K.L.:
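Structure below; questions to follow.
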Amino acid sequence: MNKKRMTLRQKRAITGLIFILPWFIGFVVYYVRSLILTIQFSLSNVKIAETGGYTTTFIGLRNFKFALLEHATFNQILVDSLWEILVDVPFIVFFSLFIAIMLNSKFKGRALVRAIFFLPILLGSGAILEALQLATENIQGGAASTVAELATSSGVNMEYFLNIFIEIGLPLSFVEYITGLVARIYEIVRASSVQIIIFLASLQSVPPSMYEVAKIEGATTYEIFWKVTFPMVSPLILTNVVYTIIDSFINSEVVTTAYEVAFTQYNYGLSSAMSMLSTIIISLILIIVGALITRKTFYYN
Amino acid sequence: MKGNEIRLQIKRLNEDTVLLNKRSRLIHKFKASLFSVIKFIILLGISYIILGPIINIVANSFYSPSDVYNPSVFLFPLNPTMDNYSLTYSRLEYWKTLGWSLLYVIALTAIQIIITSMAGYGFARFDFPFKKLLFACVIITIVLPTHTIMLPLYQHFRNWDIFGIFSASLGHKVNLLSSEAPMFLMTLLGSGLRSGLFIYIFRQFFRGLPKEIEEAAFIDGAGMAYTYLRIMMPNAIPSIVTVTVFSVVWQYNDMFYVNLFSMPSSKHITFRLSTVRSTIEFVDLVKDPMISQLNVYAGVILVVLPILIIYLFLQKYFIEGVERSGIVG
């Protein structure tokens with residue numbers, strides 16, 4: 001029966017293919033097909049039939065032109081979201097690295113603190129987020145109003161302190177950047193919990209002998225950070241930057257706009273054009289950032 | 001004379017080094033304690049940022065309507081009440097909805113683990129043509145925002161068919177929307193919620209395991225499937241725990257797919273929570289938004305509690321698991 005017995009290598013190749021087969025079918029059916037259809041939608045005028053089917057007529061780049069030039073808010077939303085991502089990403093990445101280093105050192109109650117820091121992952125769904133936001137406003141509003149009351153009674157003037165920073169010679173944009181971040185501290189902390197986990201995991205995998213050597217050679221903590229810790233976790237910085245960009249993009253207003261255009265105005269063509277535009281821009285950003293970071297990354301293995 | 005002088009100098013030096021040692025030790029100690037104080041303050045502050053709103057929600061959920069408008073009430077209610085809980089509890093049909101959601105989440109997670117670990121194992125241990133290209137495709141599925149493909153997916157499941165079988169036998173295509181079927185199908189074919197990431201985690205973990213285990217199993221006559229089920233999976237517990245926690249939590253919190261495929265709100269508790277406020281406002285005639293908000297707070301606690309319990313239960317394994325699960329190449 002068997003004309004030719006398969007070699008072990010061939011057998012293993014076939015087994016491997018069988019292992020990835022379910023994923024591969026899904027990838028072709030759901031991703032490749034959908035992506036092609038989205039491109040088709042974005043280039044055409046989609047009419048939805050009553051039975052739920054649709055017909056498309058090719059209209060070229062009109063949807064893209066409409067989204068960018070004629071839609072009332074889209075280009076503003078796009079620029080705002082992208083700007084927000086670019087502003088937040090460096091801060092989130094360094095913040096999570098900083099926190100991960102803190103959580104990595106040994107102290108009493110570390111398990112409790114870790115549990116608290118990973119809590120935001122649990123609180124991610126729509127209604128819960130809305131309630132949380134309101135509660136945050138309550139708390140911050142409470143604190144802010146107390147500060148305001150104190151300020152009038154004791155004469156503390158926040159503007160005055162901000163002015164000091166500006167007069168020291170710090171550029172205005174920098175001060176605004178920092179105050180802007182502080183104002184959104186809750187969102188930033190919430191957005192960095194997965195990144196903290198990833199950094200924590202990478203810190204655990206740094207061999208302790210490296211720190212011992214550095215200490216014996218007389219390196220200070222500062223030097224150890226820049227010469228040992230930072231290079232060792234640097235491959236994960238790329239991972240985290242990519243994760244942060246995508247995560248903040250998924251939660252951005254561009255996505256909600258595209259969703260609304262599709263399901264409340266039933267304008268599939270325009271919605272697809274919006275999705276395609278934002279995805280292309282994000283991919284470009286990812287490629288540029290990836291190329292820049294990879295050049296500086298140190299690979300231990 | 002000279003010898004004496006030298007001896008004196010050495011003695012003085014000795015005293016000096018002792019002094020220096022003492023001083024540097026003190027400075028070191030002071031620095032260390034200063035650092036730990038600063039660390040404590042920072043961690044406390046950030047913990048408060050995370051916990052503050054949650055504490056506020058917990059406190060508010062016990063408020064009675066009179067507390068809401070009492071300016072002297074802060075955090076601790078004057079007339080604590082369980083009314084918010086009992087009303088929200090009945091409007092959510094808590095146990096029924098929760099049961100269905102947990103069933104949905106756990107079933108999907110189980111499928112997710114089987115399919116993604118298989119793919120991960122395939123990518124980690126076997127050589128086949130175009131392997132690098134295919135793995136690049138996995139990375140693309142991680143990076144590609146889901147909303148790019150949402151419309152075709154919606155249309156696909158609105159008129160679902162396999163090779164025209166259903167339109168031939170039933171005369172029309174099947175509408176899979178308003179049910180959980182699309183999500184199960186997608187997860188079964190490895191395109192579920194963040195499946196790409198899980199494939200990546202499993203692949204990195206399997207790559208880190210020593211090859212000798214498998215070789216030993218192979219020599220002892222175990223087939224590939226047997227090796228995967230009985231040798232590799234038991235060794236992959238750390239990454240299984242990680243994937244379980246992530247998958248359960250994300251699936252439970254997911255609103256995107258639930259909305260997109262318009263699944264019934266009676267079976268998805270987080271979805272139901274988003275409509276519970278309007279239910280209470282219209283059915284129970286609680287027209288004051290400040291007071292109906294209290295019910296939402298109670299609902300948030302009710303919805304978060306089960307997932308929190310699961311998390312606390314798995315927390316220790318989860319963090320250990322993450323550290324060893326190979327998220328880090």
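For clarity, every value in this text was computed on a predicted model and none was experimentally measured. FYI, side chains are in, hydrogens and waters are out, and symmetry mates aren't considered; it's all heavy atoms of this structure. Reminder, nothing fancy here: chain letters follow the sequence lines and each chain counts from 1.
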K.L.:
Which atoms of A/Leu286 are under 4.5 Å from chain B, going by heavy atoms: the side chain, the backbone, both sets, or neither?
P.N.:
side chain
K.L.:
Between A/Leu119, A/Val29, A/Ile18, A/Val32, which shows the greatest number of heavy-atom pairs under 4.5 Å with chain B?
P.N.:
A/Leu119
K.L.:
Counting only heavy atoms closer than 4.5 Å, note whether A/Tyr30 contacts chain B via side chain, backbone, both or neither.
P.N.:
both
K.L.:
Using a 4.5 angstrom heavy-atom cutoff, name the option from B/Gly299, B/Ser191, B/Gly190, B/Pro145 with the most pairs to chain A.
P.N.:
B/Ser191
K.L.:
Is it the side chain or the backbone of B/Ile310 that comes within 4.5 Å of chain A heavy atoms, both, or neither?
P.N.:
neither
K.L.:
Please step through side-chain hydrogen bond (donor to acceptor under 3.5 Å, both in side chains) for the pair B/Ser292 and B/Arg277, ending with a clear verdict.
P.N.:
CA-CA 6 Å; B/Ser292 63; B/Arg277 186 170 182 173; 3.3 Å; yes
K.L.:
Measuring heavy-atom distances to chain A, does B/Arg194 have an atom under 4.5 Å in its side chain, in its backbone, in both, or in neither?
P.N.:
side chain
K.L.:
Highest number of heavy-atom pairs under 4.5 Å with chain A: which of B/Ile142, B/Leu197, B/Ile42?
P.N.:
B/Ile42
K.L.:
A quick test of your reading: do over 12 heavy atoms of other residues, nucleotides or ligands sit less than 6.0 Å from CZ of A/Phe24?
P.N.:
no
K.L.:
Find the one option among A/Ile36, A/Ile246, A/Val233 whose heavy-atom pairs under 4.5 Å with chain B are most numerous.
P.N.:
A/Ile246
K.L.:
Chain A heavy atoms under 4.5 Å from B/Ile115: which part of the residue, side chain, backbone, both or neither?
P.N.:
side chain
K.L.:
Below 4.5 Å from any heavy atom of chain A, which atoms of B/Phe135 appear? Answer side chain, backbone, both or neither.
P.N.:
neither
K.L.:
Looking only at heavy atoms and a cut-off of under 4.5 Å, which of A/Val46, A/Leu37, A/Thr15 has the most pairs with chain B?
P.N.:
A/Thr15
K.L.:
What do you reckon, is CZ of B/Phe40 surrounded by more than 12 foreign heavy atoms closer than 6.0 Å?
P.N.:
no
K.L.:
Under a 4.5 Å cutoff for heavy-atom pairs, which residue among A/Leu21, A/Val113, A/Ile116 has the most contacts with chain B?
P.N.:
A/Ile116
K.L.:
Can you tell me which portion of B/Leu177 sits under 4.5 Å from chain A's heavy atoms? Options are side chain, backbone, both or neither.
P.N.:
neither
K.L.:
Side chain from CB out, backbone as N, CA, C, O: work out which of these in B/Leu188 comes under 4.5 Å of a heavy atom of chain A, or both, or neither.
P.N.:
backbone
K.L.:
Please flag which part of B/Phe218 lies under 4.5 Å from any non-hydrogen atom of chain A: side chain, backbone, both or neither.
P.N.:
side chain
K.L.:
Look at atom NZ of B/Lys39 and say whether more than 12 heavy atoms of other residues, nucleotides or ligands are closer to it than 6.0 Å.
P.N.:
yes
K.L.:
Have a look at B/Tyr121 and tell me which of B/Phe205, B/Phe206, B/Phe202 forms a ring-ring contact (aromatic ring centres under 6.0 Å, His included) with it.
P.N.:
B/Phe206
K.L.:
Starting from the C-alpha separation in whole Å, work towards a yes-or-no answer on side chain to side chain contact (heavy atoms under 4.5 Å, CB included) for B/Ser117 and B/Tyr228.
P.N.:
CA-CA 9 Å; B/Ser117 69; B/Tyr228 160 74; 2.8 Å; yes
K.L.:
Between A/Leu35 and B/Ile149, what is the shortest heavy-atom contact and its length?
P.N.:
CD1-CG2, 3.9 Å
K.L.:
Taking the side chain from A/Ser271 and the backbone from A/Tyr268, do they hold a donor-acceptor pair closer than 3.5 Å?
P.N.:
no
K.L.:
Would you mind checking which part of B/Met150 comes under 4.5 Å of any heavy atom in chain A, side chain (CB onward), backbone (N, CA, C, O), both or neither?
P.N.:
side chain
K.L.:
Taking atom CZ as the centre, does A/Arg9 end up with more than 12 heavy-atom neighbours from other residues, nucleotides or ligands that are less than 6.0 angstrom away?
P.N.:
no
K.L.:
Heavy-atom pairs under 4.5 Å with chain B - which of A/Arg33, A/Arg190, A/Gln10, A/Met276 has more of them than the others?
P.N.:
A/Arg33
K.L.:
Quick one: which of A/Val242, A/Ile14, A/Ile20 has the most heavy-atom pairs under 4.5 Å with chain B, could you say?
P.N.:
A/Ile20
K.L.:
Would you find a donor on one side and an acceptor on the other, under 3.5 Å apart, between the side chain of B/Thr88 and the backbone of B/Asn295?
P.N.:
yes
K.L.:
Examine whether an atom of A/Thr279 lies under 4.5 Å from a heavy atom of chain B, and if so say whether it belongs to the side chain, the backbone or both; otherwise answer neither.
P.N.:
side chain
K.L.:
For B/Val248, is it the side chain, the backbone, both or neither that has a heavy atom under 4.5 Å from a heavy atom of chain A?
P.N.:
neither
K.L.:
Without swapping roles, check the side chain of B/Ser101 against the backbone of B/Ile269 for a donor-acceptor pair under 3.5 Å.
P.N.:
yes
K.L.:
So with a 6.0 Å cut-off around CD of A/Glu253, is the heavy-atom count from everything else above 12?
P.N.:
no
K.L.:
If I measure from the heavy atoms of chain B, does A/Ser193 come under 4.5 Å with its side chain, its backbone, both, or neither?
P.N.:
neither
K.L.:
Does any backbone or side-chain atom of B/Leu144 lie under 4.5 Å from a heavy atom of chain A? Answer side chain, backbone, both or neither.
P.N.:
side chain
K.L.:
Scan A/Ile196, A/Val189, A/Asn104 and name whichever one has a side-chain contact (heavy atoms from CB on, under 4.5 Å) with A/Ile99.
P.N.:
A/Ile196
K.L.:
Would you mind telling me which of A/Thr244, A/Asp247, A/Asn240 makes a side-chain hydrogen bond (donor to acceptor under 3.5 Å, both in side chains) with A/Gln195?
P.N.:
A/Thr244
K.L.:
Return the option, out of B/Val304, B/Leu153, B/Thr141, with the maximum number of heavy-atom pairs under 4.5 Å with chain A.
P.N.:
B/Thr141
K.L.:
Tell me, side chain or backbone of A/Tyr243 under 4.5 Å from chain B's heavy atoms, or both, or neither?
P.N.:
side chain
K.L.:
Give the member of B/Val245, B/Ile307, B/Leu185 that has the highest number of heavy-atom pairs under 4.5 Å with chain A.
P.N.:
B/Leu185
K.L.:
Distance-only, no hydrogens or angles: does the A/Lys215 side chain make a donor-acceptor pair with backbone N or O of A/Thr221 under 3.5 Å?
P.N.:
no
K.L.:
Which heavy-atom pair separates B/Tyr311 from A/Arg114 by the least distance, and what is that distance?
P.N.:
OH-O, 4.3 Å
K.L.:
Which bit of B/Phe123 comes within less than 4.5 Å of chain A, counting heavy atoms only: side chain, backbone, both or neither?
P.N.:
both
K.L.:
Please flag which part of B/Asn175 lies under 4.5 Å from any non-hydrogen atom of chain A: side chain, backbone, both or neither.
P.N.:
neither
K.L.:
Examine distances only and state if a side-chain atom of B/Tyr252 and a backbone atom of B/Val303 form a donor-acceptor pair shorter than 3.5 Å.
P.N.:
yes
K.L.:
Please classify the contact of A/Phe117 with chain B as side chain, backbone, both or neither, using a heavy-atom distance under 4.5 Å.
P.N.:
both
K.L.:
Go through the atoms of B/Val249 and report whether side chain, backbone, both or neither lie under 4.5 Å from a heavy atom of chain A.
P.N.:
side chain
